[in-house]
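Heavy atoms only: backbone and side chains are in, while hydrogens, waters and symmetry mates are out. Throughout, residue positions are numbered sequentially from 1 according to the sequence presented.
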Amino acid sequence: MLAFVLISSSQNFKGIASSVEYDIIIRNGRVIDGTGRPAFPADVAIEGDRIARIGNLRGVQAKRVIDARGQIVAPGFIDMLGQSETYLLIDPRAMSKVMMGVTTEITGEGESIAPINDRILKEQEDFNRRYKLTVDWRTLGEYFNRLGKQGAGVNLGTFVGATQVREYVIGYDDRPPTPLELEQMKKLVAEAMKDGALGVSTSLQYVPARFAKTDEIVELAKVAHQYGGIYITHQRSEANAIDDSMKEVFEIARRANIPAEIWHFKTAYQKNWGRMPEMLNRIETARRQGLKITADVYPYVAGSTSLSACLPPWAIEGGTDRMVARLKDPKTRARLKKEITTDAKDWENIYLGSGGPGGILIASVVNRDLESFQGKRLSEVATEQNKDSLDALLDFIIADHGQTGAIFFMMKESDMQAALKSPFVSICTDNGARATDGPLAGSKSHPRGWGTYPRILGRYVRDQHLMPLEFAIHKMTGLPAGNLGLKSRGLIREGYFADITIFDPKTVIDRATFEEPNQYPVGINFVIVNGQIEVDNGQRTPALAGRVLRGPGYKQ
């Protein structure tokens with residue numbers, strides 16, 4: 001890297017030699033720096049992987065000049081939950097993320113990329129076989145090494161999953177760990193933190209995560225705290241039991257003395273619509289009492305998870321093979337049909353919460369024979385197959401060996417908007433990076449993975465005036481970077497890494513729909529990752545400039 005001098009934007013540049021050369025200068029744009037302060041006109045110079053100067057750079061030379069006239073120069077967007085840890089190994093371009101301005105992704109929702117053993121690998125074998133993915137790592141450090149050598153379109157940081165270490169030590173059974181097993185789980189968390197995990201995560205709605213009691217999670221969170229990490233959670237209930245679930249989040253944060261974030265915050269199912277302001281007030285109260293609680297949200301009224309999430313927990317216990325065997329048993333199937341059509345508080349009945357088969361859309365499959373059903377509602381599948389909707393549901397889970405991704409329409413727009421406006425709520429996609437070409441092109445997903453950030457900038461900022469543009473950019477950049485403790489990222493600031501997104505505020509908008517999600521947005525014109533241009537005038541370049549982002553416990 002060439003040597004350079006950091007010069008404050010407030011200094012007088014008179015006398016600076018016009019022969020000074022930078023790698024890139026972004027001219028004539030309006031800078032929104034990620035702090036929330038108003039936009040200001042400035043040029044931005046990049047040298048190597050860093051922002052070198054900000055200010056009036058007339059007469060200063062660069063190898064590449066980007067004319068950003070009429071455009072916004074912002075920090076690269078940070079996806080607080082991206083789910084791309086395996087997708088980046090299959091297609092490192094991270095197309096759907098980079099094309100909407102994302103330069104950094106955070107992942108590891110309960111089930112993380114590591115640690116991994118043969119038992120966990122068996123559960124993943126259908127996915128790995130379809131995409132010819134060789135798993136040659138066992139620890140988080142080994143995964144980071146592979147990703148770093150291969151390259152990726154985005155920076156990636158991950159949490160270590162409490163679910164992952166539970167599966168590693170206990171498996172998929174509904175029982176507490178023995179004292180010896182708990183110590184082994186704590187050791188795995190410590191090793192992951194030293195490898196660079198950002199903290200410990202949970203996904204408590206799902207099996208086997210929901211088998212973990214609060215005390216177990218607190219003990220793992222205490223380990224993450226020892227290494228400077230945070231606790232982040234898909235909380236135990238986003239619907240009928242959300243009151244108790246919120247109390248648990250606060251209890252874990254208090255007992256482990258650790259900051260906590262709630263992933264993809266929502267009040268789901270019709271009976272809970274309208275409760276988001278109440279839940280936000282609860283977080284505000286906890287924050288006033290000294291707890292560091294934050295959250296994130298995606299700007300859609302539908303969620304996405306496995307189709308098998310429609311089943312009660314007992315039906316999923318023990319792993320995929322045992323689940324499929326239960327669905328094939330006539331007596332068990334009769335019991336399942338009764339429970340799935342009965343409202344409950346002791347588990348998240350997402351089938352009823354989405355209004356039944358008409359509120360469930362098949363998003364992605366692993367079994368290629370089922371690809372024609374992608375983009376169709378479960379009710380349409382049942383009609384095509386001439387089946388009762390519950391038989392269609394159970395048979396589909398069997399046919400795809402529990403690997404189907406589905407979209408569930410279960411939220412209210414006003415609740416989502418209330419969360420979106422909150423000052424302590426950042427932005428996520430909760431979706432893995434895909435592309436319209438290449439090995440991942442055959443599968444569909446939720447439109448949030450293709451349009452989240454342009455949707456906020458276009459629909460909610462420009463068109464609906466839900467929030468100021470500077471505030472929205474802060475929620476996409478400086479806020480999540482601060483919550484995660486990411487060093488020298490999330491802001492347009494001299495000396496910071498040159499992760500930059502340049503967009504046209506007049507035209508930026510998402511194009512992805514629930515039926516046809518695989519569409520890139522418009523108006524995202526340039527994306528720079530660690531000083532390298534990955535989107536140039538709206539076109540993806542071959543650059544793979546993303547880096548592994550390690551947490552505070554990492555010691556090189």
Spell out, as yes or no, whether a donor-acceptor pair under 3.5 Å connects the side chain of Ser84 to the backbone of Tyr87.
no
Using 30° and 60° as the class limits, which term best fits the ring planes of Tyr520 and Trp450: parallel, tilted or perpendicular?
tilted
Identify every side-chain donor-acceptor pair in residues 353-367 under 3.5 Å, counting partners at least two apart or on other chains, and give the distances.
from: Ser354; atom 1: OG; to: Ile350; atom 2: O; distance (Å): 2.9
from: Asn367; atom 1: OD1; to: Asp369; atom 2: N; distance (Å): 2.9
from: Asn367; atom 1: ND2; to: Ala399; atom 2: O; distance (Å): 3.0

With a 3.5 Å cut-off and no angle check, do the side chains of Gln71 and Asn525 form a donor-acceptor pair?
yes
Can any side-chain N or O of Ser422 pair as donor or acceptor with the backbone N or O of Ala419 at less than 3.5 Å?
no
Is there a side-chain contact between Met323 and Leu311 in this structure, where contact means two heavy atoms from C-beta onward sitting under 4.5 Å apart?
yes
Does Leu486 reach the side chain of Ile78, with side-chain heavy atoms less than 4.5 Å apart?
yes
Quick one: closest heavy-atom pair of Tyr206 and Ala309, and the distance?
CE2-CB, 4.1 Å
Flag for Ser389-Tyr351: side-chain donor and acceptor within less than 3.5 Å
yes
Would Arg377 count as a cation-pi partner of Phe409, with NZ or CZ less than 6.0 Å from the six-membered ring centre and within 45° of the ring normal?
yes
Side chains of Ser201 and Glu109: do they bring a donor and an acceptor to under 3.5 Å?
no
Could you point out which residue of Thr332, Asp391, Thr342 forms a side-chain hydrogen bond (donor to acceptor under 3.5 Å, both in side chains) with Lys337?
Asp391
Quick one: do Lys97 and Asp79 satisfy salt bridge (charged side-chain N to carboxylate O under 4.0 Å, His left out)? Show the steps, please.
CA-CA 9 Å; Lys97 298 297 179 73; Asp79 185 348; 3.0 Å; yes
Establish, from distance only, whether the side-chain atoms of Asp343 and Asn240 form a donor-acceptor pair under 3.5 Å.
yes
Just checking Gln270: does its CD atom have more than 12 heavy atoms from other residues, nucleotides or ligands closer to it than 6.0 angstrom?
no
Over 12 non-hydrogen atoms of neighbours within 6.0 angstrom of CG in Asp437:
yes
Quiz question: by atom type and distance under 3.5 Å, do the side chains of Asp126 and His401 form a donor-acceptor pair?
yes
Any side-chain donor near an acceptor of the partner, Thr541 and Asp536, under 3.5 Å
no
Does a side chain donor of either Asp499 or Asn155 reach within less than 3.5 Å of an acceptor in the other side chain?
yes
Are Thr86 and Tyr143 side-chain neighbours, meaning at least one heavy-atom pair lies under 4.5 Å?
no
For Asp430 and Lys266, what are the C-alpha separation, side-chain angles and deciding distance, and is it a salt bridge (charged side-chain N to carboxylate O under 4.0 Å, His left out)?
CA-CA 13 Å; Asp430 191 17; Lys266 61 177 72 74; 5.7 Å; no
Working for salt bridge (charged side-chain N to carboxylate O under 4.0 Å, His left out), residues Asp243 and Arg282:
CA-CA 10 Å; Asp243 296 282; Arg282 290 190 179 192; 2.8 Å; yes
Is it true that a side-chain atom of Trp273 and a backbone atom of Met410 form a donor plus acceptor pair closer than 3.5 Å?
yes
Does Arg448 count as lying over the ring of Tyr300, i.e. NZ or CZ under 6.0 Å from the six-ring centre, within 45 degrees of the axis?
no
Going by heavy atoms in the side chains, are Lys444 and Glu515 under 4.5 Å from each other?
no
Within the 3.5 Å criterion, strictly below it, is a donor on Glu348 or Ser237 matched to an acceptor on the partner's side chain?
yes
Ignoring hydrogens and geometry beyond distance, is a side-chain donor-acceptor pair present between Thr320 and Glu123 at under 3.5 Å?
yes
Pairing donors with acceptors under 3.5 angstrom, does anything connect the side chains of Thr233 and Thr202?
yes
Do Arg489 and Asn530 have a side chain donor and acceptor closer than 3.5 Å?
yes
Tell me whether Asp400 contacts the main-chain N or O of Thr404 through its side chain, where contact means a donor paired with an acceptor under 3.5 Å.
yes
Under 6.0 Å from the ring centre and within 45 degrees of the ring axis: does the NZ or CZ of Arg326 meet both conditions for the six-membered ring of Trp314?
no
Assess whether atom CD of Gln464 is packed by more than 12 heavy atoms of other residues, nucleotides or ligands within 6.0 Å.
yes
Is there a side-chain contact between Gln235 and Glu248 (heavy atoms, below 4.5 Å)?
no
Hey, would you say the Phe396 and Phe373 ring centroids sit under 6.0 Å apart?
yes
Of all heavy-atom pairs between Ile66 and Ile528, which one has the smallest distance, and what is that distance?
CD1-CD1, 4.2 Å
So Tyr298 and His264, would you call those rings parallel, tilted or perpendicular, with 30° and 60° as cut-offs?
tilted
Leu81 backbone acceptor or donor facing Asp296 side chain under 3.5 Å:
no
Going through the checks in order, is the salt bridge (charged side-chain N to carboxylate O under 4.0 Å, His left out) test met by Asp91 and Arg434?
CA-CA 8 Å; Asp91 184 347; Arg434 287 176 167 82; over 6 Å; no
Side chain to side chain, Ile283 and Phe424, heavy atoms closer than 4.5 Å:
yes
State whether a side-chain donor-acceptor pair under 3.5 Å links Thr436 with Asn518.
no
Could you list the donor-acceptor pairs under 3.5 angstrom formed by side chains in residues 454-461, with sequence neighbours left out?
from: Arg455; atom 1: NE; to: Pro299; atom 2: O; distance (Å): 2.9
from: Arg455; atom 1: NH1; to: Asp510; atom 2: OD2; distance (Å): 3.3
from: Tyr460; atom 1: OH; to: Glu413; atom 2: OE2; distance (Å): 2.6

